[in-house]
Amino acid sequence: MRKRVADLISAALLVLQKNGVIATGDLPIFQVDIPKIPEHGDFATNVALVVAKSARQAPRQVAALIREALNPPPGMLARVDIAGPGFINFFLEDSSWLQVLADIEAAQGKYGDSTMGAGKKVQVEFVSANPTGPLHVGHGRGAALGDALANILAATGHQVEREYYINDVGLQMQTLGLSLFRRAQELQGLSVTFPEHGYQGDYIKTLAQHYLAAHGPVPAGDPDSQTLERCGRFAGEAILAEIQQDLADFGVQFDHWYSETRLFQEQILDKALATLQDQGYLYEADGALWFRATAFGDEKDRVVRRQTGVTTYFASDIAYHWLKFQRGFDQVIDIWGADHHGYVPRLQAVVQALGIAPERLTVLLVQLVSLLREGQPVAMTTRGGTFVTLRQVMDEVGKDVARFIFLSRRADAQLEFDLEVAKKQTSENPVYYVQYAHARLASVFRLAAERGIAWQEADRAVLTRLSQPEEMAILKVLAGYPDVVAAAARHLEPHRITYYLTELAKELHAYYYKHRFLSDDLELTQARLLLVRGIQSVLDHGLRLLGVEAPETM
RNA sequence: GCGCCUGUAGCUCAGUGGGAUAGAGCAACGGACUUCUAAUCCGUAGGUCGCAGGUUCGAAUCCUGCCAGGCGCGCCA
């Protein structure tokens, strides 16, 4: 609907260009907004304010000329006002909003989808937690965000792949192996000193039991390298399996689980570093190999291969991102915890050094989640092993609640998650508000079916029975949905969907309270069923994007 | 010390590439169930948009400085 108005204005501007009122050339960029106040119409544009300067006339005069030049189809516009400093306010005929319901019906459950990303291949890499411990709430937020984002990008026509990068190489795996080894020794009654930087969570003890059951007793003293590696691999694989189960239960399906090990096995690291070498961005100093990150604005150069000859984690990331673009993604989105933000400039530097346009890599930083219980912070230390896992949160409040709360904030704002509030099945908990709207409608349709009410196509004759203010308000909200999805995709902000759904649910609840849908007036009943079916369709679509269930009953 | 994020109602947060009188939920207060699901609805009250400058027709939004909170600044991952 907004687009129809914008097109109308563009056409008018072309007329004015031809008449020499405004400068020829590209059309100026103007906005068509939905005003906050009804008195300002259904849509308002600032076009006259934008054009006024080049036309060398007062904005209100320009606005009048534009209004003259408008050529709307019959029955579309009720009124066009010029207001304030030169805004043009459009008031649509009520009946023109009814088109929305026909649009929804025609889309067959896909109203909100678009083709804006057609032909674009996008990778969303998220969670990617190291397989050294269970997923915690912070990972849950990243999971909800990445998954919803991927859904939204897919709905807007992008070709999307979800990927999880497994850091299963390096020092941390040795530390993990040693932690397991020492716990195993403890279980055998040997007295040990636990490694200072070891993983202390209880889950390591459990894994040690499993290890002993599978491989038999461990020797006293320090492990040889083979044993250490076996312990590390055992723990890593077991933890990864658990992570995969957690994510599956959280409703997240990855297309690829990419192991860092492959970067070595398939010589990808060598190829990527060779590319940088060819470009002249690598140099030797102090016995190490460095990447010249300062050439692209990073604050210092970064080591790629240590004095010891072992490559760094950063080197793996160079290779991994080189590979991502080799794999043909137009857009690569990484979702990281905000504590890694210092890492962004060097990775952006790598992308540029590889000759890739920097805007093709987007790193989304997810701020941390602080967990509360009854308003009191829940203590969390990462290494110490006292943290709340995603599994615990899922068990306690449910997947849908957790996802909805995670998606009810901008990613770059810190999130407070109160377990007690999330557990309440009350209005303090917005997810139920939206789900309830959907279930309520399902209930209405069940009853309508029982009463044998005939369905009706969304044709004009029936729909003109919709004339109540609540009905007009709903139509306008429904008309805005495609814009919301598109904006969520453009800005990579799923929370826009969350807010929209809450608003739509509010419209439904108010409408439901005030008017009966099923009445003796068959035509009116059919019209209202069409309207609320449109609502249900959009609620369902939006909740699906968020990865939250749309229940039939509650 | 340097860098990134944040600062909007009592609380948690929205605020659409600068727009007209800054919004929602919760909490508070007052109302509404013989009805298609009250997990709902209606109403009241509540804000110097952290502070100070600047840019312009117009700033919560852009720029600069300051203040406060969070997170980073390894040849760790």
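By convention in this document, chain letters (A, B, ...) are assigned in the order of the sequence lines, proteins followed by strands, and residues within each chain are numbered from 1.
By the 5.5 angstrom centroid cut-off and the 30-degree plane limit, A:Phe87 is classified as stacked against the base of B:rA20. An aromatic stacking contact links A:His40 with the base of B:rA20, defined here by ring centres under 5.5 Å apart and ring planes under 30° from parallel.
Going from atom CD1 of A:Ile405 over to atom C1' of B:rC13 covers 13 Å, rounded to whole Å. Rounded to whole angstrom, the span from the CG atom of A:Leu522 across to the C1' atom of B:rC36 amounts to 16 Å. Look at OH on A:Tyr481: it is 16 Å from C1' on B:rU16, rounded to the nearest Å. Taking atom CD of A:Glu493 as the reference point, atom C1' of B:rC13 lies 14 Å away to the nearest angstrom. When rounded to the nearest whole Å, the span between NZ of A:Lys514 and C1' of B:rA38 equals 18 Å. The nearest whole Å value for the distance from the CD1 atom in A:Ile497 to the C1' atom in B:rU16 is 13 Å. For the pair A:Arg346 CZ and B:rC73 P, the interatomic distance rounds to 9 Å; values are reported in whole Å. Atom CG of A:Asp301 is separated from atom P of B:rC73 by 18 Å (rounded to the nearest Å).
Between A:Arg302 and B:rC76 there is no side-chain polar atom (N or O) within less than 4.0 angstrom of OP1 or OP2. Of the side-chain N and O atoms in A:Lys506, one or more sit less than 4.0 angstrom from OP1 or OP2 of B:rG25. Under 4.0 angstrom from either OP1 or OP2 of B:rA38 there lies at least one side-chain N or O belonging to A:Arg440. Note on A:Arg410: every side-chain N or O is 4.0 Å or more away from OP1 and OP2 of B:rC5. For A:His495, a side-chain nitrogen or oxygen approaches OP1 or OP2 of B:rG15 to under 4.0 Å.
Across all strands shown, the partner of B:rG43 is B:rC29, judged by Watson-Crick or G-U wobble contacts whose two distances both fall under 3.5 Å. Pair assignment for B:rC73 gives B:rG1, based on Watson-Crick or G-U wobble hydrogen-bonding distances that are each under 3.5 Å. Nucleotide B:rA68: paired with B:rU6 (Watson-Crick or G-U wobble, both distances less than 3.5 Å). Pairing partner, B:rG17: none, since no Watson-Crick or wobble contact has both distances short of 3.5 Å. Base pairing annotation: B:rC36 forms no Watson-Crick or G-U wobble pair, as no partner gives both donor-acceptor distances under 3.5 Å. With a cut-off of 3.5 Å on both Watson-Crick or G-U wobble distances, the partner of B:rU12 is given as B:rA24.
A:Glu552 comes within 4.0 angstrom of a nucleotide base, judged by non-hydrogen atoms across all strands. Residue A:Ser316 is classed as having no contact, given no heavy-atom separation below 4.0 Å to the nucleic acid. Using a 4.0 Å heavy-atom distance criterion, A:Asn46 is classed as a base contact. Among the atoms of the strands shown, none is found under 4.0 Å from any heavy atom of A:Ala448. Within 4.0 Å of A:Gln435, counting heavy atoms only, lies no atom of the nucleic acid at all. Looking at heavy-atom distances under 4.0 Å, A:His438 makes no contact with the nucleic acid at all. Contact annotation for A:Leu171: backbone-only contact, meaning every heavy-atom pair under 4.0 Å involves sugar-phosphate atoms and none involves a base. Residue contacts shown for A:Gln307 include a base, since a base heavy atom lies under 4.0 Å away. If you check every strand for non-hydrogen atoms under 4.0 Å, A:Ala288 touches a base. Residue A:Leu49 is classed as a base contact, given a heavy-atom separation below 4.0 Å to a base. In this structure, A:Asn89 reaches the bases: a heavy-atom distance under 4.0 Å links it to at least one base atom across the strands shown. As judged by a 4.0 angstrom heavy-atom cut-off over every strand, A:Arg409 is placed among residues touching the sugar-phosphate backbone only.
When each of A:Tyr499 and A:Tyr343 is assigned the nucleotide of RNA chain B bearing its nearest heavy atom, the one mapping closer to the 5' terminus is A:Tyr499. Looking at which nucleotide of RNA chain B each of A:Leu365 and A:Met554 is closest to, the 5′-most match is held by A:Leu365.
The nucleotide whose nearest atom lies closest to any side-chain atom of A:Asp339 is, among B:rG72, B:rC75, B:rG19, B:rG72. The side chain of A:Tyr512 has B:rA38 as its nearest neighbour among B:rA38, B:rA39, B:rC76. In the set B:rC13, B:rG74, B:rC75, B:rC13 carries the atom at the smallest distance from any side-chain atom of A:Glu416.
The pair A:Arg79-A:Asp81 counts as a salt bridge, with a side-chain nitrogen and a carboxylate oxygen less than 4.0 angstrom apart. Salt-bridge check for A:Glu416 with A:Arg409: failed, with every basic side-chain N at 4.0 Å or more from each acidic carboxylate O. Between A:Glu503 and A:Lys506, no side-chain nitrogen of the basic residue sits less than 4.0 Å from a carboxylate oxygen of the acidic one, so the salt-bridge criterion is not met. In this structure, A:Lys324 pairs ionically with A:Glu125, as a charged nitrogen and a carboxylate oxygen lie closer than 4.0 Å. A salt bridge does not link A:Asp286 with A:Arg306: every distance from a Lys NZ or Arg NE/NH1/NH2 to an Asp or Glu carboxylate oxygen is 4.0 Å or more.
Side-chain to base pairing of A:His341 with B:rG3: one donor and one acceptor N or O lie within less than 3.5 Å of each other. Judged by atom type and distance alone, A:Asp168 does not reach the base of B:rA77 through any side-chain donor-acceptor pair under 3.5 Å. In this model, a side-chain donor or acceptor of A:Tyr513 finds a partner on the base of B:rA32 within 3.5 Å.
Relative orientation of the A:Tyr343 and A:Phe314 rings is perpendicular, given thresholds of 30° and 60° on the angle between their planes.
In this structure a side-chain-to-backbone donor-acceptor pair under 3.5 Å is present from A:Arg528 to A:Arg516.
When each of A:Leu276, A:Leu273, A:Val350 is paired with A:Val304, the side-chain contact (heavy atoms from CB on, under 4.5 Å) condition holds for A:Leu273 and for no other.
The glycosidic torsion of B:rC33 lies within 90° of 0, placing the base in the syn range.
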Where do A:Asp483 and A:Lys3 land on the salt bridge (charged side-chain N to carboxylate O under 4.0 Å, His left out) test, with the steps shown first? CA-CA 9 Å; A:Asp483 281 344; A:Lys3 190 172 180 315; over 6 Å; no
